[in-house]
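The sequence lines fix the lettering, A, B, ..., with proteins before strands; numbering per chain opens at 1.
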2 protein chains.
Amino acid sequence: MTEIEKTLHNKRVRPTAMRILIYKYMAGKNSAVALTDIENAFDKAERTTLYRTLKTFEEKGLVHQIDDGTNVSKFALCEPGCNCEIDQDLHLHFHCGNCDKTVCLTEHKIPHINLPQGYIAEDANLVIKGICESCSQH
Amino acid sequence: MTEIEKTLHNKRVRPTAMRILIYKYMAGKNSAVALTDIENAFDKAERTTLYRTLKTFEEKGLVHQIDDGTNVSKFALCEPGCNCEIDQDLHLHFHCGNCDKTVCLTEHKIPHINLPQGYIAEDANLVIKGICESCSQH
DNA sequence: AGAACTGTGCAACAGAAGTGCATTTTAATG
DNA sequence: CATTAAAATGCACTTCTGTTGCACAGTTCT
């Protein structure tokens with residue numbers, strides 16, 4: 001049993017061939033991926049399978065969905081300690097307008113905001129847009 | 001010349017009948033509107049016209065586009081003093097999961113975030129999700 | 001082996017966003 | 001006021017993402 005199979009198993013996700021491939025693919029990227037990215041990476045892949053796989057991963061707390069403002073949902077693996085399916089891990093995300101990549105800044109949590117009277121916060125999404133580390137060096 | 005016509009004129013937007021209607025509609029709402037909302041409000045309206053009208057309004061600084069995480073673009077009128085087409089007015093937005101409305105909290109600016117070395121911020125989007133004022137009273 | 005369940009593939013649909021082109025409306029000018 | 005150029009509008013269509021239903025394949029359990 002490989003590391004990845006163990007990880008899937010720990011999160012109660014049956015480690016099928018496809019799921020392992022998808023997990024491996026995501027683990028190899030340092031930025032969030034869109035469904036279409038995975039689809040293009042393996043040309044044998046079915047959109048539906050990927051779609052449902054990502055949903056399963058998300059439900060089981062293996063990945064989290066990111067809305068970076070591009071109107072395309074992105075996904076990124078959760079950090080080892082992250083329990084975002086129970087208690088949200090509200091880190092912020094950075095979207096580079098140059099290379100179009102979105103990365104998690106897991107060390108940077110969303111600051112607490114005082115809302116007006118009557119408003120109840122349950123979730124938050126903060127995306128910073130600009131130029132990322134590798135693009136700014138050129 | 002009405003107030004609205006003056007406002008459009010000041011922003012170099014030709015005040016056509018449709019534009020005045022759209023502006024009036026948005027001014028009457030206290031929450032952000034989607035293109036579909038306007039389409040449904042006037043059944044004579046053409047999607048394309050609305051689409052391009054909103055784009056024009058946005059370019060000329062009459063409205064700002066809001067990405068509230070619903071994957072549907074919303075728009076809201078800019079406040080009188082707002083010059084968000086030049087120098088962004090980074091207030092935050094609140095999306096209510098109950099009534100599905102999105103509102104601007106113009107008094108609440110997005111706090112400054114210290115990014116890691118090499119990252120350059122140009123824009124930011126912060127959306128708080130939860131229960132809004134009027135929904136929490138029931 | 002057979003039953004029951006889960007995962008996968010195919011086809012199709014829904015909704016939003018966006019484009020090209022012809023026509024109408026508006027503003028500007030003589 | 002008639003003419004004309006530019007801007008706005010309406011219509012038809014395309015593309016892309018997300019989503020669902022259903023049938024089939026693969027897995028697990030007894």
> Spell out protein contact along nucleotides 8-18 of chain C as letters: B when the base is contacted, S when just the sugar-phosphate is, - when no protein heavy atom is under 4.0 Å; keep the 5' to 3' order.
SBBB----SBS
> Whole Å only: how far is the CG atom of A:Asp37 from the P atom of D:dC16?
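Value for this atom pair: 14 Å.
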> In whole Å, what is the span from the CD atom of B:Glu59 to the P atom of D:dA8?
10 Å
> Just to verify, what does B:Lys109 make a side-chain contact (heavy atoms from CB on, under 4.5 Å) with, not counting sequence neighbours?
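So B:Lys109 forms a side-chain contact (heavy atoms from CB on, under 4.5 Å) with B:Asp89, B:His91.
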> So, are B:Lys55 and B:Glu58 salt-bridged, with charged N and O less than 4.0 Å apart?
no
> May I have the distance from A:Lys60 (atom NZ) to C:dT6 (atom C1'), rounded to whole angstrom?
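Rounding to the nearest Å, NZ of A:Lys60 and C1' of C:dT6 are 11 Å apart.
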> Using atom types as modelled, flag every donor-acceptor pair under 3.5 Å from a side chain in residues 17-38 of chain A to any protein atom, sequence neighbours excluded.
from	atom 1	to	atom 2	distance (Å)
A:Arg19	NH1	A:Arg14	O	2.9
A:Asp37	OD2	A:Ala34	N	2.8

> Nearest heavy-atom pair of A:Gly69 and A:Lys129: which atoms, and what distance?
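Here A:Gly69 and A:Lys129 meet closest at CA-NZ, 3.9 Å.
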> Donor-acceptor pairs under 3.5 angstrom involving side-chain atoms of residues 94-108 of chain A: please list them, not counting sequence neighbours.
from	atom 1	to	atom 2	distance (Å)
A:His95	NE2	A:Asp100	OD1	2.9
A:Thr102	OG1	A:Asp68	OD2	2.5
A:His108	NE2	B:Asn114	O	2.8

> Which letter, B, S or -, goes with each nucleotide of nucleotides 25-30 of chain D from 5' to 3', with contact meaning a protein heavy atom under 4.0 Å?
---S--
> For B:Asn125 and B:Asp67, work out which heavy atoms get closest and say how close.
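Closest approach of B:Asn125 to B:Asp67, heavy atoms only: ND2-O, 3.2 Å.
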> Take the protein atom CG of B:Leu50 and the nucleotide atom P of D:dA8, then report the distance between them rounded to whole Å.
15 Å
> What residues join A:Ile120 in its hydrophobic cluster, counting side-chain heavy atom gaps under 4.5 Å, either direct or through other members?
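Grouped by the 4.5 Å side-chain rule, B:Ile131 form the rest of the cluster around A:Ile120.
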> Please name the pair of heavy atoms, one in B:Pro15 and one in B:Glu5, separated by the smallest distance, quoted to 0.1 Å.
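Looking at all heavy atoms of both residues, the closest pair is CB-CG, 4.1 Å.
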